[in-house]
Amino acid sequence: MSRKPMVRPGGRSARVQEAVHNAVRELETEAGRNALTVPLVATRAGVTPSTIYRRWGDLQELLSDVAVERLRPEAPPEDRGALAADLTGWAEQFLEEMTSPPGRAYIRDALLGDPDGSNAGQCSAYAAEQIDVILARAAERGEGAPGTEAVIDHVVAPMMYRILFRPNGLDTAYARELVAGLLGAARP
């Protein structure tokens with residue numbers, strides 16, 4: 001079972017998390033991923049290895065936690081004025097980010113160190129939150145829109161399947177086709 005909390009901790013725990021996450025990112029950049037060890041990360045973060053083991057369990061769970069944080073969107077999706085444009089722009093950006101070498105590594109890390117599925121759930125929640133913003137904007141404009149789960153099932157899920165298992169030929173045209181298929185199917 002994962003030892004990390006689902007919500008962001010406060011106080012000392014937040015400082016430890018930030019220091020450890022920063023140490024992982026710095027050491028990955030300097031020495032490469034394969035050189036990472038819990039003692040090396042602990043030394044750089046200014047904590048003991050036992051702190052990392054107690055909080056994250058092992059190196060893979062720590063890398064998974066860092067990956068989930070890196071996959072968190074930094075801003076709401078761009079408002080392009082219409083549902084089709086908003087959803088297409090978001091899907092193109094999502095696909096581009098997830099198919100990049102860092103994106104693929106983050107996905108791999110998020111899943112590999114996720115014994116209870118909470119990190120996968122958090123990544124899914126990030127996508128759903130972004131989609132919710134797009135759909136709420138569409139509703140405010142009076143546009144009919146599919147539900148969040150429909151967008152996940154018809155846009156996000158196929159992209160993630162292809163990223164994980166059939167990564168060749170993925171480009172923005174694929175993202176546009178998925179959105180067009182969903183919105184075409186959603187119309188009466």
Side-chain angles (χ1 to χ4, degrees), residues 1-77 90-131 152 155-172 174-175:
M1 179 168 201
S2 180
R3 292 166 177 78
K4 57 196 164 300
M6 282 298 291
V7 293
R8 279 184 182 253
R12 181 183 184 285
S13 187
R15 288 189 300 274
V16 167
Q17 177 177 322
E18 182 178 1
V20 171
H21 280 215
N22 287 339
V24 168
R25 288 189 290 272
E26 291 167 5
L27 290 166
E28 266 186 317
T29 300
E30 294 168 14
R33 178 187 164 73
N34 292 336
L36 292 178
T37 64
V38 169
L40 187 62
V41 171
T43 299
R44 175 64 64 95
V47 300
T48 64
S50 64
T51 298
I52 293 175
Y53 289 122
R54 190 171 41 253
R55 171 102 183 234
W56 286 279
D58 62 22
L59 182 61
Q60 191 58 58
E61 286 190 45
L62 170 59
L63 293 175
S64 182
D65 193 46
V66 171
V68 169
E69 194 60 33
R70 286 179 167 176
L71 290 169
R72 177 190 304 266
E74 295 177 5
W90 177 83
E92 289 173 348
Q93 181 179 359
F94 180 85
L95 184 63
E96 183 179 309
E97 289 173 2
M98 295 300 116
T99 58
S100 71
R104 289 177 194 266
Y106 301 152
I107 292 168
R108 182 190 63 240
D109 284 345
L111 296 176
L112 285 175
D114 190 22
D116 66 0
S118 62
N119 286 346
Q122 186 58 57
C123 291
S124 177
Y126 293 156
E129 289 167 6
Q130 294 273 295
I131 293 164
I152 289 173
V155 177
V156 178
M159 286 194 290
M160 291 305 296
Y161 180 87
R162 290 286 305 270
I163 290 166
L164 292 170
F165 301 114
R166 298 186 60 131
N168 295 330
L170 292 178
D171 57 18
T172 55
Y174 179 66

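When a residue number appears, it is its place in the shown sequence, counting from 1.
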Give every residue pair that meets the salt bridge (charged side-chain N to carboxylate O under 4.0 Å, His left out) criterion with at least one member in residues 156-166, sequence neighbours excluded.
none

Applying side-chain contact (heavy atoms from CB on, under 4.5 Å), can you list everything that pairs with Pro167, at least two apart in sequence or on another chain?
Arg104

Any residue meeting side-chain contact (heavy atoms from CB on, under 4.5 Å) with Ala120, in chain and number order, not counting sequence neighbours:
Leu111, Asp114

Only pairs under 3.5 Å count here: list side-chain donor-acceptor contacts from residues 94-103, not counting sequence neighbours, and write none if there are none.
{"unit_1": "Glu97", "atom_1": "OE2", "unit_2": "Gln93", "atom_2": "NE2", "d": "2.9"}
{"unit_1": "Thr99", "atom_1": "OG1", "unit_2": "Leu95", "atom_2": "O", "d": "2.8"}
{"unit_1": "Thr99", "atom_1": "OG1", "unit_2": "Glu96", "atom_2": "O", "d": "3.4"}
{"unit_1": "Ser100", "atom_1": "OG", "unit_2": "Glu97", "atom_2": "O", "d": "2.8"}
{"unit_1": "Ser100", "atom_1": "OG", "unit_2": "Gly103", "atom_2": "N", "d": "3.1"}

Rounded to the nearest 0.5 Å, what separation is found between the CG atom of Leu112 and the OG atom of Ser64?
8.0 Å

Test of understanding: with side chain to side chain donor-acceptor pair (under 3.5 Å), list the residues that count as partners of Thr48, not counting sequence neighbours.
Ser50, Thr51

Work out which heavy atom in Leu40 is nearest to a heavy atom in Ala35; give both atom names and the distance.
CD2-O, 3.5 Å

Quick one: side-chain contact (heavy atoms from CB on, under 4.5 Å) partners of Pro77, sequence neighbours excluded?
Trp90, Gln130, Val133, Ile134, Arg137

For residues 25-34, pull every pair meeting salt bridge (charged side-chain N to carboxylate O under 4.0 Å, His left out), keeping only residues two or more places apart or in separate chains.
Glu26-Arg44, Glu28-Arg70, Glu30-Arg44, Arg33-Asp109

Rounded to the nearest 0.5 Å, the CG atom of Asn22 sits from the CD atom of Glu18 at a distance of 5.5 Å

Ala42: partners by side-chain contact (heavy atoms from CB on, under 4.5 Å), with sequence neighbours left out:
Val47, Pro49, Ile52

Apply the test side-chain contact (heavy atoms from CB on, under 4.5 Å) to residues Val68 and Tyr126: give CA-CA distance (whole Å), side-chain angles for both, the deciding distance (0.1 Å), then the verdict.
CA-CA 10 Å; Val68 169; Tyr126 293 156; 3.6 Å; yes

Leu27 side, atom CG; Thr37 side, atom OG1 - distance, nearest 0.5 Å
8.0 Å

So do Pro158 and Tyr174 actually touch side chain to side chain, heavy atoms under 4.5 Å?
yes

Asn119 side-chain N/O to Gln122 backbone N/O, donor-acceptor pair under 3.5 Å
no

How many angstroms lie between atom CD1 of Ile107 and atom CD1 of Ile163, to the nearest 0.5 angstrom?
5.0 Å

Ignoring hydrogens, what is the shortest heavy-atom contact between Asp65 and Trp56? Give both atom names and the distance.
OD2-NE1, 2.8 Å

Step-by-step side-chain contact (heavy atoms from CB on, under 4.5 Å) determination, Val38 to Leu62
CA-CA 9 Å; Val38 169; Leu62 170 59; 5.6 Å; no

Would you mind checking if Glu69 and Arg72 are paired as a salt bridge, meaning a charged N to carboxylate O distance below 4.0 Å?
yes

Please name the pair of heavy atoms, one in Val24 and one in Leu63, separated by the smallest distance, quoted to 0.1 Å.
CG1-CD2, 3.8 Å

